[in-house]
Amino acid sequence: MLCNSTNNKCNRLVIVSYRLPVKVIKEDGKYIITWNNSRSSIANFRNFNNSIEKVWIGTLEENIPSIDKDEVEDLLYKYNCIPIFIDKKLEYKFYNNFCKELLWPVLHYSVPLQRDVNYSKNWQKYWGSYLVVNTLFAKKINIFIESQSTLVWIHNYHLFLVPNLLRKKKPSARIGFFVHTVFPSSDVFRCLPEANSIMNSILSCDLIGFNTYDYARHFISCCRRLLYLDFKVLKNGGLGYTYNGRDISLKINHLGINS
C-alpha cells in the first residue's frame, strides 16, 4: 500500500466512505456512540498500526436534529470520526435517485434500453446532486490533508468524483480508491452519460483497488476504449498507468486487514 514506502511515511490515514462505521443511539436524553460490529472492515482499521493516526469521514445513517448536531459532532470527534451532515432532500436525490436507481444498476450489468429516454432525463436531473455531495466530501477531506504524510483512502462508487475534486485542490495529495462493487465491461460502462468524467476522476488516484482480477481487467478495458490509454508494467512489477505525469497502480485484493 501507499503507507509502505519508507521515503513517504504515512502519519495520518483519512478513511472516507459514504457512511461512518459507527452507530449513534440516544438513551435517556444522551447520545451514545458505538462502533459497527466486528465484521465491519472499515471500522476495524482502528486496530491497524497504532503509530498511524486514523480519521474517518462520512455521513450518519441516523437523522440528527439540527439542535443536536454540535453535540453529536463533538462526541464523534473523540472517535476520530468526522460527520458530514447533508440535507435530507439532497441526500435522497443523491443516494436513492442517483446512486441506487441509476448508477448501481449499470455497474451490475443492467443496461438501459436505447429507447428509454427517461434514463437520460433522470441522469441529468440527479447528476447535480451527485456532484454536490462529492464536493461536500472533498471540501471536508481537504481540511485533514496536512502534508504528503497524509494518505486519503476513498471507498466505493458513491464517491467516484471525489479524487478529481481533491486533486484540483491538492495536486500532491496521496489518494487511494477501493471499488467495492462490480466494475462492468467497457461496453456496459460506456452507457453511463458521464462515463469519461468518472474514469478521469478515478485516474486522479495513485492506487486503485478491485476485489477481483475480472473487475480490474474491465477497468483496463475502459481506459483503453474510452480514454485510449494503454496500461504499463510499473517499477514494482504491478500494472498501472502514467496519467497526467503520475504513476497509478492497480491492486487486486479483498478489503480488510491481512490476517
Side-chain angles (χ1 to χ4, degrees), residues 14-21 42 56-64 82-142 152-169 175-205 208-211 215 218-219 222-223 226-227 255:
V14 180
I15 304 169
V16 186
S17 59
Y18 174 57
R19 294 292 192 200
L20 285 171
I42 293 178
W56 288 262
I57 295 178
T59 66
L60 293 171
E61 187 172 359
E62 297 81 9
N63 185 19
I64 307 298
I82 310 301
I84 296 178
F85 296 110
I86 302 174
D87 175 79
K88 288 303 170 184
K89 290 184 178 179
L90 172 61
E91 186 171 27
Y92 189 89
K93 291 178 182 178
F94 163 78
Y95 185 77
N96 295 85
N97 294 135
F98 188 85
C99 290
K100 286 300 182 183
E101 294 179 7
L102 298 175
L103 190 53
W104 171 273
V106 175
L107 292 176
H108 289 78
Y109 286 88
S110 179
V111 180
L113 298 176
Q114 190 173 8
R115 64 178 180 270
D116 186 4
V117 294
N118 287 331
Y119 186 89
S120 179
K121 288 182 178 179
N122 286 334
W123 182 280
Q124 295 302 323
K125 183 177 180 180
Y126 297 117
W127 169 256
S129 64
Y130 189 72
L131 177 58
V132 168
V133 171
N134 276 250
T135 301
L136 291 174
F137 270 82
K139 287 181 178 179
K140 186 69 73 171
I141 296 166
N142 268 326
V152 179
W153 193 13
I154 305 164
H155 294 271
N156 223 358
Y157 70 102
H158 310 94
L159 305 174
F160 272 150
L161 302 183
V162 170
N164 188 44
L165 294 167
L166 278 180
R167 188 64 68 188
K168 288 178 180 178
K169 294 291 185 180
I175 306 170
F177 196 104
F178 195 91
V179 183
H180 295 252
T181 61
V182 175
F183 202 92
S185 65
S186 58
D187 290 339
V188 175
F189 191 83
R190 71 197 314 166
C191 293
L192 296 173
E194 296 288 347
N196 281 31
S197 297
I198 293 172
M199 288 296 297
N200 276 301
S201 182
I202 297 173
L203 287 168
S204 295
C205 298
I208 308 165
F210 299 92
N211 275 314
Y215 302 161
H218 291 160
F219 179 81
C222 286
C223 288
L226 274 67
L227 303 178
L255 175 70

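Please read these numbers as outputs of a predicted model, since none were measured by experiment.
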Shortest non-hydrogen contact between C223 and M199, atoms and distance: SG-CE, 3.5 Å

The single option from F178, F189, Y130, F177 passing ring pair (Phe, Tyr, Trp, His ring centres under 6.0 Å) against F160: F177

Nearest-0.5 Å distance that lies between atom CG in L226 and atom CG in N196: 5.0 Å

Considering all heavy atoms, the nearest L20-G58 contact: CD2-N, 3.3 Å

side-chain contact (heavy atoms from CB on, under 4.5 Å) evaluation trace for T59 with V133: CA-CA 10 Å; T59 66; V133 171; over 6 Å; no

N/O donor to acceptor pairs below 3.5 angstrom from side-chain atoms of residues 121-128, sequence neighbours left out:
| from | atom 1 | to | atom 2 | distance (Å) |
| --- | --- | --- | --- | --- |
| N122 | ND2 | N118 | O | 3.2 |

Minimum heavy-atom distance I15-I42, with the two atoms named: CG2-CG2, 3.8 Å

K88 NZ to N63 CG distance, which is reported to the nearest 0.5 Å: 4.5 Å

Derivation of the side-chain contact (heavy atoms from CB on, under 4.5 Å) call for S185 and Y109: CA-CA 8 Å; S185 65; Y109 286 88; 4.0 Å; yes

Min side-chain heavy-atom separation Y18-I84 under 4.5 Å: no

Distance (rounded to the nearest 0.5 Å) between I141 CD1 and L166 CG: 4.5 Å

T135 side chain to L131 backbone, donor-acceptor under 3.5 Å: yes

Gap separating the CG atom of L159 from the CG atom of L136, nearest 0.5 angstrom: 11.0 Å

F137 side chain reached by L161 side chain, heavy atoms, under 4.5 Å: no

Stepwise side-chain contact (heavy atoms from CB on, under 4.5 Å) check, F183 with I202: CA-CA 12 Å; F183 202 92; I202 297 173; 4.2 Å; yes

Non-hydrogen atoms of H108 and T181 that approach each other most closely: CE1-CB, 4.2 Å

Side-chain ion pair, E91 and K100, N-O less than 4.0 Å: no

Reported OG-to-CD1 distance for the pair S201 and I154, which is rounded to 0.5 angstrom: 7.5 Å

Residue pair V106 / V188, side-chain heavy-atom distance below 4.5 Å: yes

Short side-chain to backbone donor-acceptor contact, N156 and H158, under 3.5 Å: no

Contact summary for P163 and I175, nearest pair of heavy atoms: O-CD1, 4.0 Å

Spacing of OG belonging to S186 relative to CG belonging to L227, to within rounding of 0.5 Å: 11.0 Å

Other residues, nucleotides, ligands: >12 heavy atoms within 6.0 Å of E61 CD: no

Test applied, side chain to side chain contact (heavy atoms under 4.5 Å, CB included); reference residue, V182; option that passes from Y157, W104, F210, Y215: Y215

L203 vs F219 side-chain heavy atoms within contact, under 4.5 Å: yes

